[in-house]
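Structure first, then comments.
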Protein chains: 2
Amino acid sequence: MAKAPTVYDVAAHAGVSIATVSRVLTRPDDVRAATREKVLASVGELGYVPSGAARGLAARRTGVLGLYFPGFDAMDEIDDAVFTGVDDAPHATGAELVDDIGGAAEVRPLNLYFDEVLRGAELEAWRRGFVLMVGIGRGDNAEQTVRDMAGRVDGLVMLAQSVPDGVMAQLSRRVPVVVVAGPRREDAYDHVSVANTEGMRALTEHVAAGLEPDELLYLSGPADSPDDAERWEGFCQALEARGVDASTVPILRGDFTREAGRRAAAELAAGERMPRAIVCANDQTALGLMEALQARGIRVPEDVLVTGFDGIEAGALATPRLTTIRQPMDDLGRAAIQVMARRLDDREQAPLSIRLPVKVLLRESSERR
Amino acid sequence: MAKAPTVYDVAAHAGVSIATVSRVLTRPDDVRAATREKVLASVGELGYVPSGAARGLAARRTGVLGLYFPGFDAMDEIDDAVFTGVDDAPHATGAELVDDIGGAAEVRPLNLYFDEVLRGAELEAWRRGFVLMVGIGRGDNAEQTVRDMAGRVDGLVMLAQSVPDGVMAQLSRRVPVVVVAGPRREDAYDHVSVANTEGMRALTEHVAAGLEPDELLYLSGPADSPDDAERWEGFCQALEARGVDASTVPILRGDFTREAGRRAAAELAAGERMPRAIVCANDQTALGLMEALQARGIRVPEDVLVTGFDGIEAGALATPRLTTIRQPMDDLGRAAIQVMARRLDDREQAPLSIRLPVKVLLRESSERR
DNA sequence: AAACCGAGTGTAAGCGCATACATTCGTGGA
DNA sequence: TCCACGAATGTATGCGCTTACACTCGGTTT
């Protein structure tokens with residue numbers, strides 16, 4: 001790795017000017033075939049790889065799109081404490097036998113979310129000749145991370161609420177910003193989200209059919225989640241379409257974790273009566289709830305119907321399988337990149353707001369018997 | 001988004017030279033406190049975000065690390081066909097009710113692999129002040145993708161076998177390369193992998209204890225997989241340590257898919273006798289095998305023990321829960337970045353080869369009753 | 001008081017490419 | 001044969017930074 005060759009080296013080697021080398025690499029058709037071959041041969045021989053930095057600087061476009069997610073601080077601190085890594089154990093190797101006595105792994109929903117959106121975004125970016133840069137906000141320099149990214153990309157796709165509004169406004173002065181999964185809001189950004197409200201409304205209409213309002217229970221997510229707000233809105237719409245005042249329906253506040261579902265089960269078991277159907281704001285909570293209910297001898301769906309939201313794999317593997325709403329997370333990522341591409345084509349057009357449809361998956365956990 | 005401010009704008013606004021602005025941003029301690037405050041105020045006021053391209057070009061370091069994986073071509077073509085996206089349905093929204101009659105989703109192992117490694121790598125990169133760029137090789141311009149990345153990063157972490165050796169050699173002339181999960185091999189690159197062999201050896205010793213060689217069966221992966229080769233090696237070692245010639249053990253060749261497990265079950269059911277224990281080269285295959293065996297009335301583990309390799313979540317949710325080997329994929333990503341950081345510190349040091357330990361998770365699918 | 005010193009700041013030279021513009025080449029028509 | 005004109009190539013500039021080096025200035029040292 002002595003010293004990477006530059007355009008100058010290639011030009012000299014091929015006996016042409018650097019402009020010709022550059023053209024061969026960016027618009028090959030502008031160069032005579034014979035010249036092109038000569039240059040390409042030199043490129044191959046020297047192992048020339050153009051500098052992205054120089055390209056970006058000269059062309060004022062980097063060909064890179066950024067994908068930024070907020071992270072959970074707590075999770076990373078735990079990881080830090082456990083990990084020893086290369087320096088501590090350079091020769092660590094071997095295998096340890098462990099009697100795994102079970103307890104389902106707590107899957108972190110945001111991660112799954114992240115994974116799928118990322119995959120979709122990467123695919124679409126690739127199709128359009130972009131490279132993806134990913135960043136997860138962490139700790140108090142989260143803002144620094146996203147600023148860094150903003151300086152290196154042609155456009156920034158951000159999960160909603162991942163940075164303060166003021167910061168986002170500043171970043172958007174430098175690069176176009178597409179907001180993913182945010183609340184419906186009138187602002188200057190392009191938005192891509194899923195039909196949270198419509199999905200929950202359809203599911204609720206199905207599940208609550210024939211039930212009195214007080215036979216229902218809504219197990220919510222954290223109060224500051226726009227996702228939860230939209231789902232709750234859908235829940236309310238379904239009831240109000242039947243002329244029911246949604247505020248009469250009992251609600252239990254959770255936080256999207258499995259544990260929240262377990263707590264809710266405990267609370268319900270201790271109370272005087274059990275609802276006939278429990279609509280949960282996400283799958284993790286619904287799974288925790290089912291598990292804890294069943295542990296107390298309460299049957300799903302015979303005694304109580306349970307539904308979730310997200311469509312995580314564990315829901316399909318649970319017993320009974322969990323009725324839920326599948327969000328097309330990978331499409332979310334793809335759509336975000338598509339919207340970004342459109343924005344980069346024409347920076348003046350009015351902000352776009354895309355809403356992707358969801359699928360309500362009816363499974364055994366909500367089956368009337 | 002009129003025109004992004006540059007150092008010159010900030011310098012003029014703060015009444016200093018561009019060198020001072022640059023210093024405030026890169027080595028704040030070299031600047032008098034009063035000056036620093038003045039500059040930072042201007043930065044804030046103007047919403048200045050430094051250009052990564054210019055920085056990279058001038059400093060000869062980009063602060064970006066690349067993570068490159070090969071992809072499955074087939075998978076992406078399918079996605080393409082299905083996806084409509086923004087342009088086709090700009091106002092698509094709503095919810096569709098679907099009776100989900102089941103059939104476990106086929107989880108694509110490489111994706112999970114990718115997700116976890118990525119997560120670990122991102123975490124470690126962040127801790128060290130790097131940003132991550134991700135790329136998945138696809139189609140015939142896969143080489144172009146990775147070349148592009150190489151031009152934009154300070155170092156490239158690549159999954160083994162993702163590009164031809166020649167290409168990798170060329171790339172490594174430009175940036176340091178760390179190979180993840182590759183075969184043990186003497187070459188000029190840094191390597192990070194998991195203890196495939198040791199893990200499979202430990203598991204086999206446990207499972208095969210007290211069994212005759214012909215009561216065993218090995219259900220392998222594809223012939224060209226270095227992972228499979230290493231696992232097979234561990235399997236053999238375990239037997240040979242007991243003085244058994246591993247070549248006398250029956251073997252069935254699969255390809256890491258669930259379907260391969262189902263096929264194997266059919267084949268075994270049609271044959272004259274059933275082994276007492278089946279060691280599979282990965283979890284997907286093991287799960288497909290268990291499922292198809294049980295569908296034929298063959299009980300696991302009462303009639304036959306089954307083990308996997310990977311530690312995917314579905315294995316913990318299966319009935320019975322699948323004995324397997326958990327690879328620390330996220331640690332793999334983290335270690336790769338650590339090794340890269342070390343390499344960037346000193347480019348002359350001898351190539352490192354790290355091997356991370358695995359955990360053998362003993363669960364019900366291999367429990368003697 | 002002269003010479004010296006170091007902290008703080010400014011000046012200017014690139015980094016490696018894309019591209020506007022200038023120049024040369026090749027070709028066909030007169 | 002010569003000229004015109006488009007195609008192919010070369011020249012030169014600047015993208016927005018970092019950084020080596022030069023410079024200023026107040027405070028020491030002798």
Return the value, rounded to whole Å, for the distance between atom [atom1] of [X] and atom [atom2] of [N].
X	N	atom1	atom2	value
A:Lys38	D:dG10	NZ	C1'	13 Å
A:Leu25	C:dG16	CG	C1'	13 Å
B:Arg32	D:dG27	CZ	C1'	14 Å
A:Asp30	C:dC25	CG	P	20 Å
A:Arg27	C:dT19	CZ	C1'	8 Å
B:Ile18	C:dG10	CD1	P	11 Å

Hey, which of A:Thr20, A:Leu25, A:Val43 is the one that makes side-chain contact (heavy atoms from CB on, under 4.5 Å) with A:Val10?
-> A:Val43

For DNA chain C, which residues in residues 145-156 of chain B have a heavy atom at a distance below 4.0 Å?
->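 Nucleic-acid contacts, sorted: none.
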
Listed in order of residue number, which residues of residues 50-62 of chain B have a non-hydrogen atom at under 4.0 Å from DNA chain C?
-> B:Leu57, B:Ala58, B:Arg60

Go through the steps to decide whether B:Leu67 and B:Leu65 satisfy the test side-chain contact (heavy atoms from CB on, under 4.5 Å), and finish with yes or no.
-> CA-CA 7 Å; B:Leu67 187 58; B:Leu65 297 181; over 6 Å; no

Between atom OG1 of B:Thr145 and atom CZ of B:Phe69, what is the distance when rounded to the nearest 0.5 Å?
-> 14.5 Å

Of A:Ser22 and B:Thr20, the one whose closest nucleotide on DNA chain C sits nearer the 5' end is B:Thr20

Do A:Tyr8 and C:dC17 share a donor-acceptor pair, side chain to base, under 3.5 Å?
->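 When only heavy-atom distances are counted, A:Tyr8 does reach the base of C:dC17 through a donor-acceptor pair under 3.5 Å.
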
Between the side chain of [X] and the main-chain N/O of [Y], is any donor-acceptor distance below 3.5 Å?
X	Y	value
B:Arg334	B:Ala121	no
B:Asp9	B:Thr6	yes
B:Asp190	B:Val178	no

Would you please confirm or rule out a distance under 4.0 Å between OP1 or OP2 of [N] and any side-chain N or O of [X]?
X	N	answer
B:Thr35	C:dT9	yes
B:Tyr48	D:dC17	yes
A:Ser17	D:dG10	yes
B:Arg23	C:dT9	no

Mind listing the closest non-hydrogen atom pair of B:Lys38 and B:Ala14 along with its distance?
-> CE-O, 3.5 Å

Can you see which heavy atom on A:Val177 is nearest to which on A:Met168, and at what distance?
-> CG1-CG, 4.3 Å

Hey, what bend do you get for the helix from C:dA1-D:dT30 to C:dA30-D:dT1 if you fit axes on five pairs at each end, rounded to 10°?
->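 For the helix from C:dA1-D:dT30 to C:dA30-D:dT1, the axes at either end differ by 50°.
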
Assign A:Val21 to base, sugar-phosphate, or nothing according to its heavy-atom contacts below 4.0 angstrom with the strands shown.
-> nothing

Ion pair present between [X] and [Y], side-chain N to carboxylate O less than 4.0 angstrom?
X	Y	result
A:Arg23	A:Asp30	no
B:Glu116	B:Arg119	no
A:Arg152	A:Asp148	yes

Do A:Arg147 and A:Gln170 get their side chains close enough for a donor-acceptor pair, meaning under 3.5 Å?
-> yes

